[in-house]
Number of protein chains: 2
Amino acid sequence: MPAAKSRLTDFLPYLMSVSTNAVSDMVAAQYQARFGLKIPEWRVMAVLGDAGPQTQRQLVGATRMDKVAVNRACKVLEERCLIQRSPNASDGRSHHLELTPAGRAVHEEIMPLALGIEKRLFAVLSVQERKDFKAMLARINEQVCKLESLQAADTDQKS
Amino acid sequence: MPAAKSRLTDFLPYLMSVSTNAVSDMVAAQYQARFGLKIPEWRVMAVLGDAGPQTQRQLVGATRMDKVAVNRACKVLEERCLIQRSPNASDGRSHHLELTPAGRAVHEEIMPLALGIEKRLFAVLSVQERKDFKAMLARINEQVCKLESLQAADTDQKS
DNA sequence: GCGAAGTGGTTCCGGTTGCAACCAAATCGC
DNA sequence: GCGATTTGGTTGCAACCGGAACCACTTCGC
């Protein structure tokens, strides 16, 4: 018997990518169908609804999206009158973004939908498993950050 | 105390997406830096090296990529003389794709690199945890497929 | 056999993404 | 205070991606 070959289907980054894409596509399809919102737009609304008015910079931190993506999502949401900008007294470059009443209404509808989707998707995991899964994702995340900083140090050294 | 707000940072699809993107970016950076290969190209090479000559159709199944993505990856790999096409005697529309000697050489180098990356990335999980994690991903995947088919049935009904 | 339907592969095109350059306002250094 | 640097936000652009139309060949139905 030959040594076990390393198959793509055993490669964890590949498996993560496949599952995550499947989940994301399903979530995106739901939001698109029911509210005409894409995921970046929904993320912005979720954060604004949860944490109140924010600048774009803060949204970048909270959503882990690119600042261009945040900007575009905000533009769309503003055009659809779901959020509004008000000048930032303490910094003339930025604005405070917040949900309009219409935006808040959508937020109140969309959050239960989101939680419902999550519940259905992850119904195959027990409460404990979901908790473990979440914790493992967090640890993997940390590890990536750690490795990234090591690598950056490496290339710094070489240059 | 108000009911716990549903935060984006507790939303599992979001967490999966963040972690997976971080992992994918790191893997992609390594392949790009060392072999000038992108992930779709690497996936095709991994499958060809593992399972021998395949048609594009078979690669679509094995890699879970879009057929356009497979086609493009193959075109690039062929231009770089890492794979070659030979006519398919039993079906004039398709070709058999297989690694060239140069391709095989790269494959032999790249697989250990891939496994090394995987090892470093997932070193924060114990052997048992990795196994559980993998199994959970698979279950989530299945669940998505199940829900997708339900939904398809739904829309069929309505139309 | 031959026309119709199906399938593998390719091309085209519209949409999305993210980097890099840029502008405007704020902060720093002196 | 005033030029130099930094930072929030915006725009431009090039790469990427995937659906849909398309072509070439094969298979099905008769």
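A, B, ... follow the sequence lines: proteins, then strands. Residue 1 opens every chain. Just so it is clear, the values below take in all heavy atoms, side chains as well, and ignore hydrogens, waters and symmetry mates.
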### Message
With nearest nucleotide decided by heavy atoms, which residue, B:Arg85 or A:Ala69, maps closer to the 5′ end of DNA chain C?
### Response
B:Arg85
#### Entry: Comparing A:Ala89 and B:Thr55 on DNA chain C - which has the more 5′ nearest nucleotide
B:Thr55
What is the distance, rounded to the nearest whole Å, between atom [atom1] of [X] and atom [atom2] of [N]?
X: B:Lys75; N: C:dT11; atom1: NZ; atom2: C1'; result: 8 Å
X: B:Lys38; N: C:dG18; atom1: NZ; atom2: P; result: 16 Å
X: B:Asp25; N: D:dC16; atom1: CG; atom2: C1'; result: 14 Å
X: A:Met65; N: C:dT17; atom1: CE; atom2: P; result: 9 Å
X: A:Leu37; N: C:dT16; atom1: CG; atom2: P; result: 13 Å
X: A:Ile39; N: C:dT17; atom1: CD1; atom2: C1'; result: 14 Å
X: B:Arg57; N: D:dT26; atom1: CZ; atom2: C1'; result: 15 Å
X: B:Asn21; N: D:dC17; atom1: CG; atom2: C1'; result: 15 Å

### side-chain hydrogen bond (donor to acceptor under 3.5 Å, both in side chains) involving B:Asp91 - partner list, sequence neighbours excluded
B:Arg93
Enumerate all atom pairs, one protein N or O and one N or O from nucleotides 19-21 of chain C, separated by less than 3.5 Å.
from	atom 1	to	atom 2	distance (Å)
C:dC19	OP2	A:Asp66	OD1	3.3

### Query
Of all residues at least two apart in sequence or in a different chain, which pass the side-chain contact (heavy atoms from CB on, under 4.5 Å) check with A:Leu121?
A:Val23, A:Met26, A:Val27, A:Ile117, B:Val144, B:Leu147
### Query
For B:Ser94 and B:Thr55, does a side-chain donor sit closer than 3.5 Å to a side-chain acceptor?
no
More than 12 heavy atoms from other groups under 6.0 Å of [atom1] on [X]:
X: A:Arg139; atom1: CZ; value: yes
X: B:Arg57; atom1: CZ; value: no
X: B:Arg64; atom1: CZ; value: no

### Message
If we ignore hydrogens and angles and just use 3.5 Å, is the side chain of A:Gln143 paired with the main-chain N or O of B:Arg120 as donor and acceptor?
### Response
yes
### Considering all heavy atoms, the nearest B:Gly52-B:Gln54 contact
O-CG, 3.1 Å
### Query
Side chains of A:Asp132 and B:Asp132: does their closest heavy-atom pair fall under 4.5 Å?
no
### Query
Would you say the side chain of A:Ser19 lies within less than 4.5 Å of the side chain of B:Met136, judging by non-hydrogen atoms?
no
#### Entry: Of all pairs that satisfy ring pair (Phe, Tyr, Trp, His ring centres under 6.0 Å), the ones with a partner from residues 95-114 of chain B, not counting sequence neighbours
none
### Task
Specify the residues of residues 92-99 of chain B, ordered by number, for which at least one heavy atom lies under 4.0 angstrom from an atom of DNA chain D.
B:Gly92, B:Arg93
Check the interface with nucleotides 1-3 of chain C: list each N/O to N/O pair with the protein under 3.5 Å, or write none.
none

